[in-house]
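A short worksheet on the structure shown next.
Convention: sequence-line order gives letters A, B, ...; per-chain numbering from 1.
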Amino acid sequence: MKERYNAQEIEQRWRETWDKKKVYEAKVEKGKEKYYVLEMFPYPSGRIHMGHVRNYTIGDVVARYKRSRGFNVLHPIGWDAFGLPAENAAIQHGAHPAKWTEENISQMKTQLKLLGFSYDWTREIATCHPSYYKWEQMVFTRMYEKGLAYKKATTVNWCPSCETVLANEQVEDGCCWRCEHIVERREMDGWFFKITEYADELLDGARELKDGWPDSVLSMQKNWIGKSTGAHIQFPLQEQVAGERHLEVFTTRPDTVFGVTYMSVAPEHPLAGDLIKREFEKDALKFIERVKKQTSLERIAEGAKKEGVFTGSYCINPFTNERIPIYLANFVLIEYGTGIIMCVPAHDQRDFEFAKGHGLPIKLVIKPDGQGLNVDDMTEAYIEPGIMTDSGEFSGISSEAGKEKIIEYVESRGIGKRQINYRLRDWGISRQRYWGAPIPMVYCEDCGAVAVPDEDLPVELPIEVNFEGDGGSSLSKIESFVRTTCPNCGGKARRETDTMDTFVESSWYFLRYASPNYDKDIFDREEVNYWAPVDQYIGGVEHAILHLLYSRFFTKVLRDLGMSNLDEPFVNLLTQGMVIKDGAKMSKSLGNVIDPDDMIKKYGTDTVRLFILFAAPVQKDLDWNNEGVEGSFRFLNRIWNLAFDILPRTCDLKGAKPDLAKVSGSGKELLIKLNKTIKKVTDDLEKFQFNTAIAAVMELLNDTSRFKPKSDDDLIVARESVETMARLLYPMAPHISEELWSELGYNELLADSPWIEWDNELVKSAEITVVVQVNGKVRSQLVMDADSDGERMKEAAFADERTKKHISGKTPRKVIVVPKKLVNIVL
RNA sequence: GCCCGGGUGGCGGAAUUGGUAGACGCAAGGGACUUAAAAUCCCUCGGGUUAACGCCCGUGCCGGUUCGAGUCCGGCCCCGGGCACCA
């Protein structure tokens, strides 16, 4: 009896079976090789969207495939549950963030289960639970003890809409990463993680990740860290200023030090005010005021305009003993280097522009090889390497060698040193928000800042909270939380009311999955040593710097705190492209959102999964196309119909092997195709080339549909082809595959069965197609026995009529033979 | 400006180490079945030329290496992404 392909019915049945038999629960098995595959966990926003579906489908294919390859697979899921949207929902709709989050989790969990992902749900975690963030707080206190977490007052990024501080990584084009509001600069107290101390290791580690991570991500991290090597040099001040005898500068071009014609100080620099001489006060102070008022966005928008004022002060170039005027300039950044720069207009474009605008001298000290440059003719700075000139005893040295010589010189005279600088800033983790993990610190009137001791952890987020009022941190208004006693002296103390950036939670969750319910320590060492690191991590490229850099940092911190022995958290990284519609990101405002639930209702999970995998290579953006989904659905229907055409005719032939001598010619061809397909799909899955893996199965289906069995042995081949399709499609479309598998008469679950192997003898065709070229152009194709050698191929080529026509009596100069492939006759 | 990717039919995309460019799918056109439609099945589908077999051109552009280049080398152009007054 042939029945219609009823995806919903089949899918529900197999989901229940897998669930009941606990197929996906992972346990440590010492003798078995582990494989930890993980997708970036979701923020419980309320609905699963197509981006999630794509991410988790890819992960699920990997998990199922690796499991059938015999690996002990860990494939967990959880919730990145703290964060601002929950709090905003609370303010707007009155629901408590905890309740809102919990409801969203339950809704999204239902959706995920509907999609049939092979998660080990027993390991589910939500970062908002005290049993989770307790350990994060413990790590914080250890970091505090080691000086890796510290508090300082500084200029921070403030989002007025989210009413909180943001880390540098969370500011995109001067706007908030979450709400896109323009970010302001504010002077504030805040907690920082010393990620800069790991800058070099994060950079070096990239070498280790070279094979497993995409170049683009490593390059982005490298750019973000922004290492530059150079020198720190002291320029003596002509007269002391605020007790300082020198101006300190950082430069990557010490070789140009003889060309310094002025110095520039950032307007925000603490020395700026003291450097200004009375007669220049009026203009200078006005200038400082103006620059300080600008937001970072305005400062960027103003772009190339280089402005500044003379302070009236001078310093001395220690190399030339020249008197150097000191300026305040808007293009000098207070947050980079020392906030003071030596200016060499001849060899730096910004310095050049500023000098031109302010009538400052330009002194050439690097000459391009072989030719001179005339300062008066220069329209831009010469920034390339060259030969040092007009540089005293250093003249004649190449600029590259000169850098070293100058550094050696300043070190020997004690007026400077070799220095490396990074663009990377320390990670500001303080958030003036309620819905996050409390920073476990108290401020005692006598003892000052004190870390909460382990036995008092977790510092629980109080549930009773009022969001009404004038905004700001709701936590700071809960007196019962704020008021506490000092763990040191028992005296009066106040709690820290900032919570941690939610990126702290996501920086270590992947390790917690190893022992999610362990309550004696952050990890059960035995479990984490077995499962970690993550063998394959999968997620969107938008986290290239944020989450992926923080996690690498945090992993190294955990190692240095003795809590794990991992250097890197993710051995291999796969970044999937976005799901778009009509060339644009899916969004409510554009009205181009495709709801996964609707698609599943219409076609079933297997179709949706298959389409997502087939429509584009994983790394690329995927343009959602409803006709394409129909195509995938058609494909599954064709397999279904073919299977139920063949299976009833082979009931008596269950488990039989075809007798090769009795199989027809076309049957043998199908047998070869089938084995080639196994090889192709296996290779493709290893490389995450799901689109071509599916295409290969489609080809096999086409060939099998065309095949007309002429005998029982032919029927066995056809049956084998159906079985192969079910087996190969399993990681991608598991439900229909499991159904066909059971229809084929197997009692053991396909989910528990090993991967299918190809027969090496049967991937070689009996016949090969040899391409004949004349002068490199294809002129003919010959079908020959597969064991034909080069001589035979040559003979056949020359005997071929079509080839003869193109040779037309000319003498071949040369004949190239590629065994089993091609003959090229050169005339 | 610097650093990563990438440019192949109407579209999404295939092409081991250089060896038949366009697999597979979508869309489109034609046909079969049907009272009709849907579904299904069959055929065509890069451009030019030819009655046809064929032949010529064709993987962003220019040049090179090679018997042979989408693939390798050099020089450009364009698109996407990251960083960006970083000294």
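The phosphate of B:A87 (OP1 or OP2) has no side-chain N or O of A:Arg253 nearer than 4.0 angstrom. Taking only side-chain nitrogens and oxygens, A:Asn223 never comes nearer than 4.0 Å to OP1 or OP2 of B:G81. In this model, the phosphate group of B:G25 is not approached by any side-chain N or O of A:Ser632 to a distance below 4.0 Å at OP1 or OP2.
A:Pro617 comes within 4.0 angstrom of sugar-phosphate atoms only, judged by non-hydrogen atoms across all strands, and of no base. Using a 4.0 Å heavy-atom criterion, one finds that A:Gln781 contacts the bases of the nucleic acid, with or without backbone contacts as well. A:Gly631 comes within 4.0 angstrom of sugar-phosphate atoms only, judged by non-hydrogen atoms across all strands, and of no base. Counting non-hydrogen atoms under 4.0 angstrom, A:Asn702 reaches the backbone sugars and phosphates but no base. Contact annotation for A:Asn691: backbone-only contact, meaning every heavy-atom pair under 4.0 Å involves sugar-phosphate atoms and none involves a base.
Summarising the geometry, the separation between CD on A:Glu627 and P on B:G10 is reported as 19 Å, rounded to the nearest angstrom. Per the geometry, CD belonging to A:Glu172 stands 12 Å off C1' belonging to B:G81, to the nearest Å. Distance CZ (A:Arg425) to C1' (B:C83): 14 Å, rounded to an integer number of Å. A:Asp623 has its CG atom 15 Å from the C1' atom of B:G10, to the nearest Å. For the pair A:Gln689 CD and B:A14 P, the interatomic distance rounds to 8 Å; values are reported in whole Å. Per the geometry, CE belonging to A:Met578 stands 10 Å off C1' belonging to B:G81, to the nearest Å. Distance, A:Phe690 CZ to B:G13 P: 16 Å, rounded to whole Å. Atom CD1 in A:Ile580 sits roughly 13 Å away from atom C1' in B:C11 (whole-Å rounding).
Other residues, nucleotides and ligands contribute at most 12 non-hydrogen atoms within 6.0 Å of the NZ atom of A:Lys222. Surrounding CD1 of A:Ile383 are at most 12 heavy atoms belonging to other residues, nucleotides or ligands under 6.0 Å away.
Between atom CD1 of residue A:Ile694 and atom CG of residue A:Leu728 there is a gap of 11.5 Å, rounded to the nearest 0.5 Å. Atom CD1 of A:Ile195 is separated from atom CZ of A:Phe553 by 5.5 Å, given to the nearest 0.5 angstrom. Annotation: the span from A:Glu307 atom CD to A:Leu328 atom CG amounts to 12.5 Å, rounded to 0.5 Å.
When atom types are taken as modelled, the side chain of A:His347 and the backbone of A:Ile366 share a donor-acceptor pair closer than 3.5 angstrom.
A:Ser632 and A:Leu610 get closest at one heavy-atom pair: OG-C, 4.1 Å.
Taking the C1' atoms as reference points, B:C3 lies 11 Å from B:A84, given to the whole Å. Taking atom C1' on both B:C53 and B:G31, the two are 26 Å apart, rounded to the nearest angstrom. Nucleotides B:C26 and B:G13 are separated by 16 Å at their P atoms, to the nearest Å. Spacing of P atoms, B:G81 relative to B:G63, comes out at 32 Å, to the nearest Å. With P as the reference atom, B:C85 and B:C79 are 23 Å apart, rounded to whole Å. The P atoms of B:A32 and B:C56 are separated by 38 Å, rounded to the nearest whole Å.
A:Trp427 and A:Glu169 are not linked by any side-chain donor-acceptor pair at a separation below 3.5 angstrom, with hydrogens and angles left out of the test. Under 3.5 Å, the side chains of A:Arg638 and A:Asn702 contain a donor-acceptor pair of N or O atoms.
Within 3.5 Å, no donor on the side chain of A:Lys814 pairs with an acceptor on the base of B:C67, nor the reverse.
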Any N/O pairs under 3.5 Å between the protein and nucleotides 5-9 of chain B? List them or say none.
from	atom 1	to	atom 2	distance (Å)
B:G5	OP1	A:Asp215	OD2	2.9

Could you list, one pair per line, each protein nitrogen or oxygen that sits under 3.5 Å from a nitrogen or oxygen of nucleotides 39-41 of chain B, together with the distance?
from	atom 1	to	atom 2	distance (Å)
B:C41	OP1	A:Arg638	NE	3.4

Polar atom pairs between nucleotides 51-56 of chain B and protein, under 3.5 Å, N or O only, would you list them?
from	atom 1	to	atom 2	distance (Å)
B:C55	OP1	A:Arg779	NH1	3.4
B:C55	OP1	A:His806	NE2	3.1
B:C56	OP1	A:Arg779	NH2	3.0
B:C56	OP2	A:Arg779	NH1	3.0

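In this structure, A:Lys680 does not pair ionically with A:Glu699, as no charged nitrogen and carboxylate oxygen lie closer than 4.0 Å. At a threshold of 4.0 Å, the pair A:Arg207-A:Asp204 counts as salt-bridged, since one of the basic side-chain nitrogens sits closer than that to a carboxylate oxygen. For A:Glu801 and A:Lys804, the salt-bridge test passes: some basic side-chain N is under 4.0 Å from an acidic carboxylate O.
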Under 3.5 Å, which donor-acceptor pairs do the side chains of residues 335-345 of chain A form with other protein atoms, sequence neighbours left out?
from	atom 1	to	atom 2	distance (Å)
A:Tyr336	OH	A:Ser228	OG	2.9
A:Thr338	OG1	A:Glu248	O	2.6
A:Thr338	OG1	A:Ile340	N	3.3
A:Thr338	OG1	A:Ile340	O	3.1

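Both A:Ala616 and A:Arg706 sit near RNA chain B, but only A:Ala616 has its closest nucleotide nearer the 5' end. Remark on RNA chain B: of its neighbouring residues A:Ser228 and A:Gln773, the 5'-side contact belongs to A:Gln773, judged by nearest-heavy-atom nucleotide.
A heavy atom lying under 4.0 Å from RNA chain B marks the following residues of residues 816-827 of chain A, by number: A:Ile816, A:Val818, A:Lys821, A:Leu822, A:Asn824, A:Val826.
The aromatic rings of A:Trp640 and A:Tyr5 sit tilted relative to each other, their planes meeting at an angle between 30° and 60°.
Syn is the classification of B:G9, since its glycosidic angle stays within 90° of 0.
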Inset, instruction - Test side-chain contact (heavy atoms from CB on, under 4.5 Å) on A:Thr769 and A:Leu782 and set out the steps. - result: CA-CA 6 Å; A:Thr769 305; A:Leu782 307 170; over 6 Å; no
Inset, instruction - Take A:Tyr327 and A:Val332 through the side-chain contact (heavy atoms from CB on, under 4.5 Å) test and state the conclusion after the steps. - result: CA-CA 10 Å; A:Tyr327 278 72; A:Val332 184; over 6 Å; no
Legend entry - Derivation and outcome, side-chain contact (heavy atoms from CB on, under 4.5 Å), residues A:Val171 and A:Cys176: CA-CA 5 Å; A:Val171 180; A:Cys176 172; over 6 Å; no
Inset, instruction - Could you check A:Thr682 against A:Ile678 for side-chain contact (heavy atoms from CB on, under 4.5 Å), going step by step and ending with a plain yes or no? - result: CA-CA 6 Å; A:Thr682 307; A:Ile678 300 173; 4.0 Å; yes
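Counting only Watson-Crick or G-U wobble pairs whose defining distances are both under 3.5 Å, the stems of 3 or more consecutive pairs in RNA chain B are B:1-7 with B:77-83, B:10-12 with B:24-26, B:28-32 with B:40-44, B:46-49 with B:54-57, B:60-64 with B:72-76.
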